[in-house]
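Note that these values count all heavy atoms, side chains included, but never hydrogens, waters or copies made by symmetry.
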Amino acid sequence: MSYHIVVCGSIVPDPLQTLEPVTGPQGPALKNEMMLPAVLDPWAGHALYEAANLAKNVPDSKVWLVSLGPKAKLQQVMMNVAQKVPFELVVLDGPSGGFTEAEEVAAHLAKAIESIDGLDKSKLLLFGGWQSASRGTGAVMQIVGETLGIVDQFQGVDKLEPQADGSMQVKERMEGGSYLVSTLSAPPAVFGWATGTLPEPPNNPQVGMQNMRFIMPAIQKAQPAQVGAAGVEFKSVELPAQRRETRVVKDVPAADIAREIVDWIKG
């Protein structure tokens, strides 16, 4: 069994930047948003690295990355992402901010996936982040899956293991650090990844050169995607308040510190 893995991944402002919500002519936005450096959404990045690893270990498998965002920003981000793992890029030219409706974004992503040449839906594994660093509705992947008629969906996935009989074992996060372990008999299925188990791959210039042969033409012929939040009124927009609970102590034995941590974990 080989897999056709489609990863949905948007771009977001670099988390190390200071973000300031403002009200623009089109509604809420980030101050100087187009000037902020962008990165691939961290959760989507985990999904992409897991997809590439799965494709590497299962012969005849292939990975597509479907991304919606401003073309100029996508080109900037792909210069880095392309050096990580092999994939074929599908681009939608549109806004990537957090003030868009999940339903509109999902509709465009589903349409783009439907248009991929050679995609075999009987082999389709749809990957993405279970959250997003831009807004975090946690709804886009579910809606894309439903639109494509995929009813087997898993969220908060940390591990996916193909079995000898062709089935797949899936570990989803639950409360309290526990996992829900399920068995998927066969594709298609949707996987909203948490952090997975893989580190970020090192840059590989050879992989980057191979990817860029297809990435630049894909960006140049990107189809426009009109997404927004028509009919939605934002009453207020603000960044999450920083919260830090730190207690400074001195001359406390390591055993006492460990005991206190264990007591805290036990609740």
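No chain of hydrophobic side-chain contacts below 4.5 Å, direct or via other Ile, Leu, Val, Met, Phe, Trp or Tyr residues, connects Ile150 to Leu54. Cluster annotation: Leu126 and Val7 are assigned to distinct hydrophobic clusters (Ile/Leu/Val/Met/Phe/Trp/Tyr, side-chain heavy-atom contacts under 4.5 Å, transitive).
In this structure, Gln169 contributes its side chain and Leu160 its backbone to no donor-acceptor pair below 3.5 Å.
Chaining together hydrophobic side chains whose heavy atoms lie under 4.5 Å apart places Val249 alongside Val252, Ile257, Ile261, Trp264, Ile265. Grouped by direct or indirect side-chain proximity (heavy atoms under 4.5 Å, Ile/Leu/Val/Met/Phe/Trp/Tyr only), Tyr179 sits alone. Through direct or relayed side-chain contacts under 4.5 Å between Ile, Leu, Val, Met, Phe, Trp and Tyr, Leu180 connects to Met174. Connectivity analysis of hydrophobic side chains (ILVMFWY, heavy atoms under 4.5 Å, direct or indirect) links Val262 to nothing; its cluster partners are none.
Scanning for side-chain contact (heavy atoms from CB on, under 4.5 Å) contacts around Glu260 gives Arg247, with sequence neighbours left out. For His4, the ring pair (Phe, Tyr, Trp, His ring centres under 6.0 Å) criterion is met by Trp64, not counting sequence neighbours. With sequence neighbours excluded, the residues forming a side-chain hydrogen bond (donor to acceptor under 3.5 Å, both in side chains) with Arg259 are Asp256, listed by chain and number. The side-chain contact (heavy atoms from CB on, under 4.5 Å) test applied to Ser115 returns no partner, not counting sequence neighbours. When the side-chain hydrogen bond (donor to acceptor under 3.5 Å, both in side chains) test is applied to Gln131, no partner is found at least two apart in sequence or on another chain.
Using a 4.5 Å heavy-atom cutoff, the side chains of Gln210 and Pro86 are not in contact. Side-chain contact check for Met141 versus Val190: some heavy-atom pair is nearer than 4.5 Å. Under the 4.5 Å side-chain criterion, counting only non-hydrogen atoms from C-beta, Ile116 is in contact with Val6.
Within 6.0 Å of CD on Glu103 lie no more than 12 heavy atoms contributed by other residues, nucleotides or ligands. Other residues, nucleotides and ligands contribute at most 12 non-hydrogen atoms within 6.0 Å of the NZ atom of Lys111.
Thr100 and Pro95 make their closest contact through CG2-CG, 4.3 Å (heavy atoms, listed as atom of the first residue, atom of the second, distance).
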Decide side chain to side chain contact (heavy atoms under 4.5 Å, CB included) for Arg173 and Asp158; before the verdict, give the C-alpha distance in whole Å, the side-chain angles of both, and the deciding distance to 0.1 Å.
CA-CA 7 Å; Arg173 290 187 177 187; Asp158 262 346; 2.7 Å; yes
Where do Leu65 and Val90 land on the side chain to side chain contact (heavy atoms under 4.5 Å, CB included) test, with the steps shown first?
CA-CA 6 Å; Leu65 174 61; Val90 178; over 6 Å; no
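Residues Lys121 and Glu114 are paired through a salt bridge, judged by an N-O separation under 4.0 Å between the basic side chain and the carboxylate.
Sorted by first and then second residue, the salt bridge (Lys or Arg N to Asp or Glu O under 4.0 Å) pairs involving residues 43-54 (not counting sequence neighbours) form an empty list. Identified under the ring-ring contact (aromatic ring centres under 6.0 Å, His included) test for residues 192-227, with sequence neighbours left out: Phe127-Trp193.
Using modelled atom types, one finds a donor on one side chain and an acceptor on the other under 3.5 Å when comparing Lys84 with Asn203.
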Name every donor-acceptor pair, under 3.5 Å, that has one atom in a side chain of residues 215-228 and the other anywhere in the protein, sequence neighbours excluded.
none

